[in-house]
Amino acid sequence: MPEGHVLHRLAREHEKALADAALTVSSPQGRARAAAADLDGTTLLAVEAIGKHLFYRSAATTLHVHLGLFGRFRSYHADVPPPRPTTRLRIQGGSTTIDLIGPTDCRIVDRDEEETIRERLGPDPLRADGTAEEFAHRLSRRRITIGAALLDQRVIAGVGNIFRAEALFVAAIDPLRSAASVPLAEATALWETIRTLMREGVRLGRIVAREPVELGLRSRGSIRNADALYVYKRQTCLRCGGTIGSAAVGGRSLYWCPSCQS
DNA sequence: TCTTTATGGTGAG
DNA sequence: TCACCCTAAAGAT
């Protein structure tokens with residue numbers, strides 16, 4: 001159940017574990033037989049993350065993976081269990097075995113198909129090619145709320161339901177404001193907020209929005225999971241004590257503090 | 001043993 | 001906006 005930081009970590013992890021290895025690939029569930037056959041026996045060159053998408057590249061073939069809401073990977077280095085009935089793809093290379101379970105998408109893509117996927121994605125704050133200017137530009141053209149816009153992967157790639165809620169709180173932006181009405185300076189600041197939160201997410205392997213100093217701690221990493229978020233799924237605001245609002249925005253439950261974010 | 005929920009996304013109407 | 005796809009774990013009964 002990943003937002004962008006998880007995918008970028010996975011790309012690093014999988015590339016480190018599998019690059020230059022000859023792959024043994026199977027599809028225990030049977031639904032990814034074609035992809036497994038194409039990838040089997042090839043040598044992995046690189047794994048790239050763009051937003052919530054992963055691309056596994058060997059010389060002649062690229063595998064596209066999107067985990068969706070339910071997808072997950074499991075890695076094994078020893079004591080590899082037999083695949084579960086739901087294991088879509090098992091990739092083994094070197095001393096690592098990686099199982100892919102329940103992805104929304106998992107198939108070989110050609111150059112055109114990859115291009116189509118990339119065209120649907122806005123700037124990714126975790127990538128060097130993602131820029132605040134591009135984000136602000138795309139934001140300014142959307143006639144939806146800023147809360148809905150942050151979940152739109154064409155506006156910004158990799159943000160999910162937790163990052164949008166937490167970033168809007170940290171940036172003190174009312175989620176129901178119109179995306180197009182957010183001034184450039186504020187959009188730029190929001191981009192920086194998101195990028196900082198997501199980079200910390202990659203570093204820590206979890207989402208921690210709270211500042212350690214608020215909890216009398218020295219590092220973000222020492223914040224307990226229960227204390228890590230400002231508004232997501234909370235009842236009361238940690239800053240003002242007011243009631244956290246929640247409503248479906250952009251098709252998902254959004255949480256915000258009507259008093260701190262106005 | 002159910003029912004519910006979840007950090008996502010697509011395509012039809 | 002809605003129905004639908006994918007899976008596992010937690011909570012309710």
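Below, chains carry the letters A, B, ... as their sequence lines are ordered, and counting in each starts from 1.
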Remember a base hit wins even if backbone is also touched, and classify [X] as base, sugar-phosphate or nothing at under 4.0 Å, heavy atoms.
{"X": "A:Arg31", "value": "sugar-phosphate"}
{"X": "A:Thr86", "value": "sugar-phosphate"}
{"X": "A:Arg206", "value": "nothing"}
{"X": "A:Gln29", "value": "sugar-phosphate"}

Can you name the side chain to side chain donor-acceptor pair (under 3.5 Å) partners of [X], sequence neighbours left out?
{"X": "A:Arg206", "answer": "A:Asn225"}
{"X": "A:Arg224", "answer": "A:Asp227"}
{"X": "A:Gln153", "answer": "none"}

Start and end of chain A contact along DNA chain C [non-hydrogen atoms, under 4.0 Å]: C:dC6 to C:dA9
Apart from A:Leu151 itself, residues in the same hydrophobic cluster as defined by side-chain heavy atoms under 4.5 Å: none
For A:Val109, the rest of its hydrophobic cluster, which grows through side-chain links under 4.5 angstrom: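 ILVMFWY cluster around A:Val109 also holds A:Ile50, A:Phe55, A:Ile117, A:Leu121.
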Phosphate OP1/OP2 of B:dA6: any A:Lys233 side-chain N/O under 4.0 Å: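 Yes, within the criterion.
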Below 4.0 Å: OP1/OP2 of B:dG9 and any side-chain N or O of A:His66: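 It does, given that an N or O in the side chain of A:His66 lies less than 4.0 Å from OP1 or OP2 of B:dG9.
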